[in-house]
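These figures come from a predicted structure and were not determined experimentally. FYI, the numbering just counts along the sequence from 1.
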Amino acid sequence: YPYESVKTERKLEFFDCAEAPCMSECPAGQEIPRYLNYVATGDLDKAYQTVLATNPFPNVQGVVCDHMCQSKCTRINYEKPLLIREIKRYIADKFNRDLPKPSDANGIKVSIIGGGPSGLSCAHFLALSGFEVELYEAKGFLGGMAADGIPVFRLDDERLKKDVDAILALGVKAHLSTRITKDLFNKLQATSDYLYIAVGAQESTPLNISDIDSEGVFDQLSFLSKVRKNEAVQKAEKIIVIGAGNSAMDAARTARRLVGDSGEVTIVYRRTRREMPCDPEEVRGA
């Protein structure tokens, strides 16, 4: 565990002898063997372009991707999996060439509601194809949960900024601190050829227990957001984190930094340590 099998669940067709299991497991369908080969031959320019073809966040994904591909790396048949996410980070760190240029304008306008990874990805690919793109974000910054919920010790502001700036450099116009009202929504519908809604799902699932709204009790997303934005969080010596998913580990590791050497952070989970749903590396980090 977690490297139990490299078999793919994808159905093999008649003239379909093989496909890299890492690609089948990657939600973005990245051409992983191709960019790994470019790295091996020293062609970081082509490696970066291969990553960027399906992933407009190479700097972000180089540090926070949950690298499902790695669990299906065929090197498991021989030894250990390649560190695919870390290789992507190496590519992003070393790339210093000009970014791709957008195609000629096609006269089609798209408005995007939501400036998180989904909205920004949509903006990236549309702008590259020559669409006129305007993006509307209710918060005063772009990046969605990547900018608001991932601790800085996992994703620093500079990496996120590099990817966001590269998208805006394609000609995407961003409207920040712009909450979508009914009137604005109707206006966007009337003035755009297409409208893409990418508002996300930025809500935690509350525990169904009494006094859950008591002072000093936070859901993990609002807690992480407050810390990320340097907002005041009441001083504490002992903190309990209920749950064992990846965001719970982020909350626990963030809390540990807040309480200092004299404080104490405890993770409480209803099942065993082996059954914790977070990534094993998150447990080790905690």
Side-chain angles (χ1 to χ4, degrees), residues 23 26-31 34-35 45-46 48-66 88 91-92 95 97-150 155 157-203 221 225 228-229:
M23 285 184 61
C26 174
Q30 296 223 262
E31 290 190 283
R34 185 183 298 274
Y35 74 69
D45 185 28
K46 288 185 178 179
Y48 192 89
Q49 299 304 333
T50 302
V51 172
L52 208 61
T54 51
N55 181 1
F57 290 95
N59 289 280
V60 172
Q61 293 296 312
V63 291
V64 297
C65 177
D66 59 0
K88 185 187 282 99
I91 295 169
F95 180 81
R97 303 284 185 86
D98 293 334
L99 292 167
K101 304 297 182 184
S103 301
D104 293 337
N106 59 20
I108 303 175
K109 181 179 179 180
V110 180
S111 293
I112 298 173
I113 300 174
S118 176
L120 287 168
S121 295
C122 180
H124 167 85
F125 291 114
L126 288 178
L128 272 179
S129 298
F131 289 79
E132 178 188 352
V133 181
E134 293 200 32
L135 187 149
Y136 297 82
E137 168 58 45
K139 296 177 181 177
F141 52 87
L142 296 174
M145 291 304 295
D148 203 21
I150 301 179
L155 174 61
D157 292 334
E158 187 58 33
R159 285 186 178 277
L160 178 61
K161 186 176 185 301
K162 281 181 69 176
D163 287 339
V164 171
D165 285 350
I167 294 171
L168 296 179
L170 296 173
V172 175
K173 185 176 181 181
H175 303 271
L176 302 181
S177 302
T178 304
R179 187 166 295 278
I180 302 298
T181 62
K182 182 178 180 180
D183 289 341
L184 180 54
F185 185 82
N186 290 336
K187 179 182 177 181
L188 294 180
Q189 277 191 306
T191 58
S192 307
D193 295 290
Y194 295 97
L195 190 61
Y196 180 66
I197 301 175
V199 295
Q202 301 177 30
E203 289 189 4
L221 296 184
S225 176
R228 178 93 197 202
K229 292 185 290 191

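Judged purely by atom type and a 3.5 angstrom limit, D163 uses its side chain to pair as donor or acceptor with the backbone of V60. In terms of modelled atom types and a separation under 3.5 Å, the side chain of T50 and the main chain of K46 share a donor-acceptor contact. Although no hydrogens or angles enter the test, the distance criterion places a donor-acceptor pair under 3.5 Å between the side chain of N186 and the main chain of K182. With D193 contributing its side chain and K109 its backbone, the two residues share a donor-acceptor pair below 3.5 Å. Between the E134 side chain and the K173 main chain, no donor and acceptor come within less than 3.5 Å of each other.
Taking all atoms of both residues into account, the shortest heavy-atom contact from S129 to S103 is C-CB, 3.9 Å. The heavy-atom pair separating L160 from A147 by the smallest distance is CD2-CB, 3.4 Å. Counting all heavy atoms, side chain and backbone alike, G140 lies closest to L176 at O-CD1, 3.5 Å. Between Q30 and M23, the closest heavy-atom pair is O-CG, 3.1 Å. Annotation for V51 and K88: closest pair CG1-CE, 4.1 Å, computed over non-hydrogen atoms. Across all non-hydrogen atoms, the minimal contact from S118 to Y196 is OG-OH, 2.8 Å.
Between D165 and K161, at least one side-chain nitrogen of the basic residue sits less than 4.0 Å from a carboxylate oxygen of the acidic one, meeting the salt-bridge criterion.
Rounded to the nearest 0.5 angstrom, L184 CG and R179 CZ are separated by 12.0 Å. Note that CD of E132 is 9.5 Å distant from CG of N106, once rounded to the nearest 0.5 Å. A distance of 9.5 Å separates CG of L126 from CD1 of I108, quoted to the nearest 0.5 Å. In this structure, the separation between NE2 on H175 and OG on S111 is 7.5 Å, given to the nearest 0.5 Å. Rounding to the nearest 0.5 Å gives a distance of 9.5 Å between CD of E137 and CD1 of I180. Distance check: L155 CG to Q61 CD gives 9.5 Å after rounding to the nearest 0.5 Å.
The local environment of CG in D104 is sparse, with at most 12 non-hydrogen atoms from other residues, nucleotides or ligands closer than 6.0 Å. Counting non-hydrogen atoms of other residues, nucleotides and ligands closer than 6.0 Å to CZ of R34 gives a total of 12 or fewer. Heavy-atom contacts from other residues, nucleotides or ligands closer than 6.0 Å to NZ of K229 number more than 12.
Residues F125 and L170 form no side-chain contact, since every pair of their non-hydrogen atoms from C-beta on lies 4.5 Å or further apart. Residues I91 and P58 fail the side-chain proximity criterion, which asks for heavy atoms closer than 4.5 Å. Side-chain atoms of F95 and D45, non-hydrogen and from C-beta on, do get closer than 4.5 Å to each other.
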(Q) Between F57 and H124, does the side chain to side chain contact (heavy atoms under 4.5 Å, CB included) criterion hold? Intermediate values first, please. (A) CA-CA 10 Å; F57 290 95; H124 167 85; over 6 Å; no

Q: Please lay out, stage by stage, how K187 and T181 fare under the test side chain to side chain contact (heavy atoms under 4.5 Å, CB included).
A: CA-CA 10 Å; K187 179 182 177 181; T181 62; over 6 Å; no

Q) Can you list the steps and then say if V164 with F141 is a side chain to side chain contact (heavy atoms under 4.5 Å, CB included)? A) CA-CA 10 Å; V164 171; F141 52 87; over 6 Å; no

**Q.** Step-by-step side chain to side chain contact (heavy atoms under 4.5 Å, CB included) determination, L142 to I167
**A.** CA-CA 11 Å; L142 296 174; I167 294 171; over 6 Å; no

